[in-house]
Amino acid sequence: MPELPEVEVTRLRIAPLLEGRTVAEVHTTRRSLVFLTPPTTLRRRLSGRTFRALARRGKYLVATLDDASRLVLHLGMTGQLFSSEAVSPRLLSVASRSALAPEEQRRFRPDLHTHLRLCFEDGGPEVLFRDARKFGKVLLLGPSERSERLDRLGIEALDLSGEALFRASRRRKLAIKSLLMDQSVVAGSGNIYSDEALFLAGVRPTRRAGRITRRECDRIAEGIQRVMRRSIETGGASISDFIGPDGRDGGYQDERRVYAREGERCHRCGGRIRRVVIGQRSTHFCPGCQR
DNA sequence: ACCGCACCCTGAGCGC
DNA sequence: TGCGCTCAGGGTGCGG
């Protein structure tokens with residue numbers, strides 16, 4: 001669920017907890033699909049390093065260290081990156097929460113899903129990476145090492161122009177929704193913001209990409225930028241597992257026009273929002289407003 | 001080359 | 001109350 005806005009909100013809030021701080025200890029879970037770099041290597045190579053800048057590329061966070069190596073994180077579906085001082089009822093699963101006394105339920109304690117825990121020499125707040133579903137990724141790149149994952153990303157969604165989208169969509173037969181979800185075309189766009197942008201553009205998500213007009217591409221690109229910028233302003237969309245690094249929920253879920261609103265009224269025309277499946281993903285649109 | 005689809009994983013929510 | 005089922009979907013990789 002974390003898409004570009006949620007990752008950007010995470011970056012803005014977690015950067016102060018990384019930049020300029022030196023790693024004292026690294027705790028990890030056992031080797032799993034989450035670790036593209038083995039946990040033993042992570043522990044060895046991160047210890048004693050100081051974080052410089054925290055950047056974002058698409059849905060990836062890229063933290064540069066003082067030896068020019070880079071720690072790359074992807075939140076997947078259920079990944080959470082946050083401070084040990086965060087307070088939120090979402091930091092634990094419903095099941096593990098209910099076993100605790102009420103006053104303990106909002107405080108986080110590392111559990112079996114806490115794959116990475118960074119402790120710092122200054123003894124301040126720790127930085128934690130938790131992901132129950134294990135769709136997230138942790139990767140450490142050497143100083144000049146390249147990553148195919150990062151290299152194949154397309155245009156940043158916040159920089160997308162109608163012209164670029166028009167060019168990328170020519171002769172493509174897949175649904176426009178699927179094209180928007182393709183990270184090698186538009187980096188950072190996922191299920192929620194693709195549906196929302198297509199609603200703003202008045203374009204039905206099932207339309208073949210190659211049939212979208214230049215004018216419609218302008219509206220889609222404009223729509224993506226608008227929904228994403230607004231979401232970043234409101235702290236992201238806290239649908240399912242996303243929380244801010246400080247535990248705060250986002251507010252964008254309250255501004256959804258179509259996503260997860262099947263059967264509800266369209267705010268614009270009053271018609272019923274419909275749900276279809278495109279490329280294994282649930283897709284929402286208003287039949288009256290989107291042609 | 002392009003596209004659709006199965007798969008990785010676990011928790012929430014639902015029906016019985 | 002509790003079990004078993006379905007669903008959620010970002011990204012990868014394979015088969016047609």
Side-chain angles (χ1 to χ4, degrees), chain A residues 1-8 10 29-36 56-61 72-81 88-100 105 108 111-115 129-139 147-154 156-157 167-196 205-212 224 228 236-243 253 256 258-263 275-284:
Chain A
M1 201 284 314
E3 303 176 30
L4 187 150
E6 289 74 32
V7 179
E8 180 64 9
T10 300
T29 49
R30 294 172 46 194
R31 193 175 184 140
S32 73
L33 288 172
V34 166
F35 296 107
L36 297 178
R56 181 189 55 73
R57 176 76 175 101
K59 300 175 194 170
Y60 289 87
L61 287 169
V72 180
L73 296 171
H74 193 292
L75 301 180
M77 263 291 294
T78 50
Q80 303 168 320
L81 185 68
S88 165
R90 287 177 198 272
L91 287 172
L92 293 169
S93 64
V94 170
S96 48
R97 265 206 305 277
S98 58
L100 296 171
Q105 289 186 8
F108 177 74
D111 61 0
L112 79 164
H113 300 308
T114 309
H115 302 295
F129 175 65
R130 184 172 181 272
D131 182 11
R133 211 84 152 264
K134 295 197 184 84
F135 283 0
K137 294 283 174 274
V138 180
L139 164 70
S147 160
E148 229 181 79
R149 286 167 187 268
L150 294 179
D151 288 345
R152 63 170 164 248
L153 292 175
E156 279 291 318
R167 256 185 285 122
S169 58
R170 292 311 88 186
R171 279 190 267 279
R172 298 293 300 265
K173 290 181 179 161
L174 78 176
I176 182 64
K177 155 84 179 242
S178 298
L179 188 81
L180 294 180
M181 300 266 294
D182 183 340
Q183 300 300 297
S184 69
V185 176
V186 187
S189 171
N191 213 29
I192 301 173
Y193 299 99
S194 299
D195 282 6
E196 295 294 310
T206 48
R207 297 251 313 270
R208 285 186 173 206
R211 295 284 181 81
I212 306 295
I224 285 189
M228 288 192 171
S238 285
I239 299 169
S240 80
D241 300 273
F242 176 74
I243 51 156
Q253 63 280 2
R256 283 172 297 124
V258 288
Y259 184 80
R261 294 193 64 236
E262 183 186 11
R275 174 184 173 275
V276 294
V277 174
I278 299 176
Q280 313 291 103
R281 297 292 176 258
S282 67
T283 300
H284 314 78

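Small disclaimer: the values here were computed from a predicted structure and weren't measured.
- Considering only the side chain of A:A132, B:dG11 comes nearest among C:dG10, C:dG11, B:dG11.
- For A:D195 and A:R256, the salt-bridge test fails: no basic side-chain N is under 4.0 Å from an acidic carboxylate O.
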Using a cutoff of under 3.5 Å, can you pull out all pairs of nitrogen or oxygen atoms linking the protein to nucleotides 14-16 of chain C, with atom names and distances?
none

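- Nearest to the side chain of A:R149, among B:dG11, C:dG11, C:dG10, sits C:dG11.
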Revision key, fill the gap. Scoring nucleotides 2-8 of chain B by protein non-hydrogen atoms under 4.0 Å (B base, S sugar-phosphate only, - none) yields -SSSS-B
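- Put simply, the side chain of A:R56 reaches to within 4.5 Å of the side chain of A:L4, judged on heavy atoms.
- To the nearest 0.5 Å, atom CG of residue A:L139 and atom OH of residue A:Y60 are 8.5 Å apart.
- The main-chain N or O of A:R133 is found under 3.5 Å from a side-chain atom of A:T78 such that the two form a donor-acceptor pair.
- Counting only heavy atoms from C-beta on, A:R152 has its side chain closest to C:dT12 among B:dG11, C:dG10, C:dT12.
- Nearest to the side-chain atoms of A:Q183 among the listed nucleotides B:dC9, C:dG11, C:dG10 stands C:dG11.
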Check your understanding: Under the side-chain hydrogen bond (donor to acceptor under 3.5 Å, both in side chains) criterion, do A:K177 and A:T283 qualify, and how do the steps go?
Key -> CA-CA 8 Å; A:K177 155 84 179 242; A:T283 300; 3.0 Å; yes
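- For the strand DNA chain C, secondary-structure stems (runs of at least three Watson-Crick or G-U pairs, all distances below 3.5 Å) span B:2-16 with C:2-16.
- Taken from CG in A:D131 to NE2 in A:H115, the straight-line distance is 5.0 Å, to the nearest 0.5 Å.
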